[in-house]
Structures are given as structure tokens and as C-alpha cells.
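Within every chain, numbering begins at 1; the chains are lettered A, B, ... in the order of the sequence lines, protein sequences first and strands thereafter.
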Amino acid sequence: MPEGHMIHVDARRFDEAMTGHVVHTDSPQGRFAEGAAALDGRTLRGTEAWGKNLFLRFSGDSPQYLHVHLGLIGGWTWWDHDHQQLSGRPVVKADSSNVRLRLRVGRGDAERSAELRGAITCTLVDEEGLDTAVAKLGPDPLRDDADPGVAWAKVRKSKKPIGGLLLDQGVTAGAGLIWRAEVPFLAGVDPHRPGVDVTEDEFTTMWSEMARVMRDAVERGGKEITTDPEDRPETDGHVSRDDAFYVFRRDGEPCLRCGTVVRVAEMGTRKVWWCPTCQPS
DNA sequence: AATTTATGTCAAT
DNA sequence: TTGACCTAAATTT
């Protein structure tokens, strides 16, 4: 269940474990057998994470890139040499029958592998294919080369609600349902407010808050927490799901800042949550 | 044991 | 706007 920050966690994991190494690939489930055969024995040169898309760049002839988009339910599972699960979505049964792509590096104690299941996209692309995919995406707040001005130019012209614009991958790449709810809260903006009615200052705040909370999540290995420590109960180190967010999935509960009951509404086909007091329209 | 849900996207209608 | 697609955990029967 990945939002964009998880893709950056995955990219970092690939860089640590596999970049610079010869990778052996296969497709136990068989659906990506051709692609796996084409990659087998190549060296991983590096990774690119952009929004919810991950690109792994390999040595050898074009196409050099593996493009992965996890969709709603895809995920990576990492294993060490004893086939002990290191991290990633818990796998109840270590059954590889639904593993679309497996990548392995190293031997003996140094062996590491990554297994991909359930992805909506898993294809080999060339440089042009990468450019085409990236061209559809807005700036990713987690990327050093991100230009927030590109997103602002779209927001300020749009009558669509800011809560919807943030979820639009062509506006801000990487934001999912959590951030589209939490970021407007952090900026004090009603998610229903049309883009044209958002001030530049408010947009700047939303951009920097989004970058901050997503970066924090990456540093925690993916765990999302947007609440400040003083806004949640003391629970030495452990932050429960319910205390981690100000509004996300907290409809009917009191706002952690002002006590007003948090509301929920349909926006597009999906939900959005907000505090009507902290987030004036 | 069966059904629903989940932090998503795209194509077809 | 709706349906298809992909998988595992949570929830209901």
C-alpha cells in the first residue's frame, strides 16, 4: 500500500543492497519471464524514484531500465541469505508462486534478494520510455531536482479542489491519500478550496510541509507520522496508528489541536478528511 | 470460509 | 463514472 515516500525507501534499499553488483533475476510466477531473462547477469547501476514510480538502471544494451509501479497492492519483500525476511510487507507464507520478479545479489552470508508481487507495472523501458513516464509527472517533493513552481503554476490556474490537485500525480508526484489530507491540515487550508483560491504562501507551506513529513517517513523506513509530539499521548517511542495523523481516517473524532469533530467527505472517488475549525475555507 | 478493504491507475463507457 | 486489475490482511458469516 505504497505512497511515494515508500518508493524512495525501496530505492534506498536497492542502492544499499544491490547497486554496483551483478544481479540474478527470475520470475517464479512466470508472467515476467522474458524481462527477467533479459536482466539476468546485468549489473545494477543505480535507481531513480519519481513519485510512485521506481526505475532501476542496469548495465548492458537498451532497454536498461526496469520500471515498477506498485499500484494499490504491490510490494517488495526483502530476504537475506537464509531466506529470513528483512522488511517489507509481511509475507505469511514464504511461497514464491506469485512472485513476478525476484532479484538476487551476492553469495553465502552476503546473499540478498528482493521479491516483487502484485505490481500494476513491471516493464523494461529504454531512455525514451523513462522520459515519457516522467513527463506525465509533476515535481516530487522528495527529489533534489524538484521545482515546486511547476506545481504552483498548475494549482493557481485550477478550479479543482486543492485536496484533489495534491493527489493528481501530474501536479505533485508521490502524494497519496494520507498526504492529501494531512498536508492541507498542516497548512490550515480546507481541502475543498479551489486551487485558484489558494495563496502562494499557503501553497509554499503545503509544499514544504509535504516534503518534511514525507522525508520524515523515509527516515523512519516508511512509517508515516505527521502529528507533533505535543499533540499526541506519551507512549515512549511507539506512536499508534490513531495518534499518528491529525485528520486522516479520524472522522468523528476530536481534532488533536482544537477538539472540533473531524469531518470526512467524498472527493473524486476517494475520501478526504479535515477539521472545519483549523482549516477555514 | 467467504467477503471486504487497502496509502492506486488506466481503459472503456 | 464504472470496471478491471493485482494481493494480503482485516472483517464478517
Side-chain angles (χ1 to χ4, degrees), chain A residues 1-10 27-32 35 49-55 67-78 85 87-102 114-123 125 129 132-138 140-142 160 163-186 191 209-210 213-218 220-227 239-251 264 266-274:
Chain A
M1 306 172 247
E3 296 206 29
H5 61 287
M6 284 307 301
I7 309 310
H8 287 259
V9 171
D10 291 335
S27 177
Q29 161 234 56
R31 190 134 24 119
F32 193 58
W50 193 307
K52 296 165 184 168
N53 300 267
L54 175 65
F55 300 91
H67 177 198
V68 174
H69 190 300
L70 298 174
L72 181 60
I73 61 184
W76 292 98
T77 311
W78 286 83
Q85 187 176 338
S87 54
R89 170 187 277 262
V91 175
V92 173
K93 283 172 277 186
D95 173 11
S96 66
S97 65
N98 61 353
V99 173
R100 185 177 314 194
L101 174 63
R102 176 168 55 186
E115 295 178 345
L116 175 67
R117 302 158 209 264
I120 198 164
T121 300
C122 174
T123 53
V125 296
T132 304
V134 166
K136 296 174 189 164
L137 302 171
D140 175 346
L142 291 179
K160 292 179 188 166
L165 291 166
L166 293 177
L167 206 49
D168 182 341
Q169 299 300 296
V171 177
T172 46
L177 212 52
I178 294 177
W179 310 132
R180 80 103 148 231
E182 293 295 291
V183 166
F185 177 89
L186 294 167
E209 288 295 286
M210 188 180 296
V213 293
M214 289 179 77
R215 243 191 288 277
D216 287 353
V218 171
R220 289 185 206 99
K223 185 166 173 59
E224 307 88 352
I225 301 172
T226 56
T227 48
V239 178
S240 81
R241 189 88 198 172
D242 198 48
D243 301 326
F245 306 115
Y246 285 105
V247 293
F248 176 69
R249 288 206 292 208
R250 294 197 67 248
D251 47 295
V264 63
E266 295 290 323
M267 180 178 283
T269 59
R270 308 178 64 199
K271 289 178 176 176
V272 68
W273 294 263
W274 77 104

If we take the [atom1] atom in both [N] and [M], what is their distance in whole Å?
| N | M | atom1 | value |
| --- | --- | --- | --- |
| B/dT7 | C/dT11 | P | 13 Å |
| B/dT13 | C/dC5 | P | 13 Å |
| B/dA12 | C/dC6 | P | 16 Å |
| C/dT13 | B/dT5 | P | 11 Å |

If you only use heavy atoms from C-beta on, which nucleotide in [options] is closest to the side chain of [X]?
| X | options | value |
| --- | --- | --- |
| A/H69 | C/dT7, B/dG8, B/dT7 | B/dG8 |
| A/Q29 | B/dA6, C/dC5, C/dT7 | C/dT7 |
| A/R249 | C/dT7, B/dA6, C/dT2 | B/dA6 |
| A/K52 | B/dT9, B/dA6, C/dA8 | B/dT9 |
| A/T269 | C/dT2, B/dG8, C/dT7 | C/dT2 |
| A/L177 | B/dT7, C/dT7, B/dT9 | B/dT7 |

Strictly distance-based, threshold 3.5 Å: is any side-chain N or O of [X] a donor or acceptor partner for the main-chain N or O of [Y]?
| X | Y | result |
| --- | --- | --- |
| A/T226 | A/A244 | yes |
| A/E182 | A/V213 | no |
| A/T121 | A/V68 | no |

Using whole Å, what does the distance between atom [atom2] of nucleotide [N] and atom [atom1] of [X] come to?
| X | N | atom1 | atom2 | answer |
| --- | --- | --- | --- | --- |
| A/L137 | B/dC10 | CG | P | 9 Å |
| A/K271 | B/dT5 | NZ | C1' | 10 Å |
| A/R117 | C/dT7 | CZ | C1' | 9 Å |
| A/E3 | B/dA6 | CD | P | 14 Å |
| A/L70 | B/dA6 | CG | C1' | 14 Å |
| A/E224 | B/dA6 | CD | C1' | 13 Å |
| A/L54 | B/dG8 | CG | P | 17 Å |
| A/I178 | B/dA6 | CD1 | P | 12 Å |

* Grab the two heavy atoms, one from A/L165 and one from A/K160, that are nearest each other, plus how far apart they are. => CD1-O, 3.4 Å
* Answer yes or no: is there a side-chain heavy-atom contact under 4.5 Å between A/L70 and A/I7? => yes
* Asked: Is the closest side-chain heavy-atom distance between A/R180 and A/M267 below 4.5 Å?
  -> yes
* Structure fact -> Assert: residue with more 5' nearest nucleotide on DNA chain B, out of A/K136 and A/H5, is A/H5
Side-chain N,O ([X]) to OP1/OP2 ([N]) below 4.0 Å:
| X | N | result |
| --- | --- | --- |
| A/R180 | B/dT7 | no |
| A/N53 | B/dT9 | no |
| A/R100 | C/dC6 | no |
| A/R31 | C/dC6 | yes |

